[in-house]
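Comments concern the structure below.
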Amino acid sequence: MITRAAVVPHPPLLVPELVSGAAMETEPVRAATLAAAGKLPGPWIAVAVDDGGRATYAPPLSGSFLGYGVDVRVSLGGDVPADATIPLPVLITAWLRERCAVEVSRVELVPRDLPVFDCVSFGRQLASEDCGLLVLGDGSTRHGPRSPGADDERSGPFDSLVHGLLAGADVDGLLGLDVELAAELGAQGRAAWQVLAGVPGPWRCSSAEFFAPFGVGYHVAVWERP
């Protein structure tokens, strides 16, 4: 049974070598993410959203952040050549794994537009696994003039809502998130959060934080059994 889950973002800025000029500004997100992931028991199963659609990645597997500017190599486990085509959420999972010194069973990627019903179904499938659940997903990309997307005044209320739902371990609230609004705001983490909501509880949240250093919302939370 999954007894603990960590919700974390997966931007390249978590890797200090990729943001050498902004390492200090991004440190709070990095520290919170590492702290949350560090509370998960191993082995991990990670769930994340990727535009490539449904896929499973498992060790032995190695990759590189070269596509993001620096050849920082990471591994899900095993001594194999680095694969340059590994999606970002898998690379970040591997980077976190190395720093938390745990094993990763596999990384499950789901499409950005996965319907709520299918998110719940997948969460229920994962429920019987004896693992820590790492849930990777970013919030809105439209927070203010520094955002990579056009500024959207709906981003603040949306991510405030998500933060409150994560802090309250509110499964029903997460499942009730507006799918179309999330898509319009670039909040691709929606599907991953709803997979978590599909894992039967009860749950309580032991910590929850929110950051938006460069106009993108980053949620960090830890859920555990009461």
Side-chain angles (χ1 to χ4, degrees), residues 1-18 29-50 52-68 70-110 119 122-138 166 189 191-193 195-201 203 205-207 218-225:
M1 171 186 287
I2 294 174
T3 59
R4 185 168 290 183
V7 174
V8 300
H10 58 75
L13 63 78
L14 290 177
V15 182
E17 294 89 338
L18 304 184
V29 184
R30 185 177 306 111
T33 298
L34 286 168
K39 294 177 182 177
L40 281 185
W44 291 352
I45 291 178
V47 175
V49 174
D50 185 71
R54 186 75 181 89
T56 300
Y57 290 81
L61 188 69
S62 297
S64 169
F65 285 94
L66 183 59
Y68 297 91
V70 182
D71 187 17
V72 178
R73 300 196 177 192
V74 290
S75 171
L76 283 182
D79 185 15
V80 294
D83 182 346
T85 66
I86 293 177
L88 178 60
V90 183
L91 292 173
I92 292 295
T93 298
W95 184 81
L96 291 171
R97 178 202 76 85
E98 292 180 345
R99 277 139 195 85
C100 295
V102 300
E103 294 182 4
V104 170
S105 174
R106 63 187 188 275
V107 181
E108 301 282 6
L109 300 182
V110 300
C119 293
F122 190 35
R124 288 176 178 169
Q125 292 176 36
L126 295 174
S128 62
E129 300 271 3
D130 185 16
C131 67
L133 182 62
L134 185 70
V135 180
L136 301 101
D138 297 345
L166 290 171
W193 303 329
V195 170
L196 169 60
V199 179
W203 292 105
C205 178
S206 61
S207 63
Y218 300 130
H219 294 276
V220 180
V222 176
W223 284 16
E224 54 192 22
R225 301 290 179 180

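FYI, the numbering just counts along the sequence from 1.
- The two atoms that bring Leu61 and Tyr57 nearest to each other are CD2-CD2, 3.7 Å, heavy atoms only.
- Atom CD of Glu108 is separated from atom CZ of Arg54 by 4.5 Å, given to the nearest 0.5 angstrom.
- Residues Ile92 and Val8 form no side-chain contact, since every pair of their non-hydrogen atoms from C-beta on lies 4.5 Å or further apart.
- Rounded to the nearest 0.5 angstrom, Ser62 OG and Leu76 CG are separated by 7.5 Å.
- A 4.5 Å side-chain heavy-atom check between Leu91 and Tyr68 finds at least one atom pair inside the cut-off.
- When side chains are defined from C-beta on, Arg30 counts as touching Pro16, because their heavy atoms get closer than 4.5 Å.
- Using a 4.5 Å heavy-atom cutoff, the side chains of Pro60 and Asp79 are not in contact.
- Between Arg124 and Gly198 the shortest heavy-atom distance is CG-O, 3.2 Å.
- The side-chain heavy atoms of Asp138 and Tyr218, taken from C-beta on, include a pair separated by under 4.5 Å.
- A 4.5 Å side-chain heavy-atom check between Cys205 and Leu166 finds every atom pair outside the cut-off.
- Contact record, Leu18 with Phe65: CD1-CD2, 3.7 Å, taken as the closest heavy-atom pair.
- The minimum heavy-atom distance between Pro89 and Leu136, with the atom names listed, is O-CD2, 4.1 Å.
- Asp130 CG: 12 or fewer foreign heavy atoms inside a 6.0 Å radius.
- Residues Ser206 and Glu224 share a closest heavy-atom pair of CB-OE2, 3.8 Å.
- Side chain of Arg225 to main chain of Ile2: a donor-acceptor pair is present (N/O by atom type, distance under 3.5 Å, no hydrogens or angles).
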Only distances under 3.5 Å count here; give the side-chain donor-acceptor pairs of residues 32-50 to other protein atoms, sequence neighbours excluded, each with its distance to 0.1 Å.
unit_1, atom_1, unit_2, atom_2, d
Thr33, OG1, Val29, O, 2.8
Asp50, OD2, Gly52, N, 2.9

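- Proximity of a side-chain donor or acceptor of Glu98 to a complementary backbone N or O of Ser75 within less than 3.5 Å is detected.
- Note that Arg4 lies outside the cation-pi zone of Trp223, set by a 6.0 Å cut-off to the ring centre and a 45° limit from the axis.
- By the neighbour-count criterion of 12 heavy atoms within 6.0 Å, atom CD of Glu17 is densely surrounded, having more than that number from other residues, nucleotides or ligands.
- Using a 4.5 Å heavy-atom threshold, the side chains of Val90 and Leu109 count as touching.
- In this structure, the side chains of Pro12 and Val15 stay at 4.5 Å or more apart for every pair of heavy atoms.
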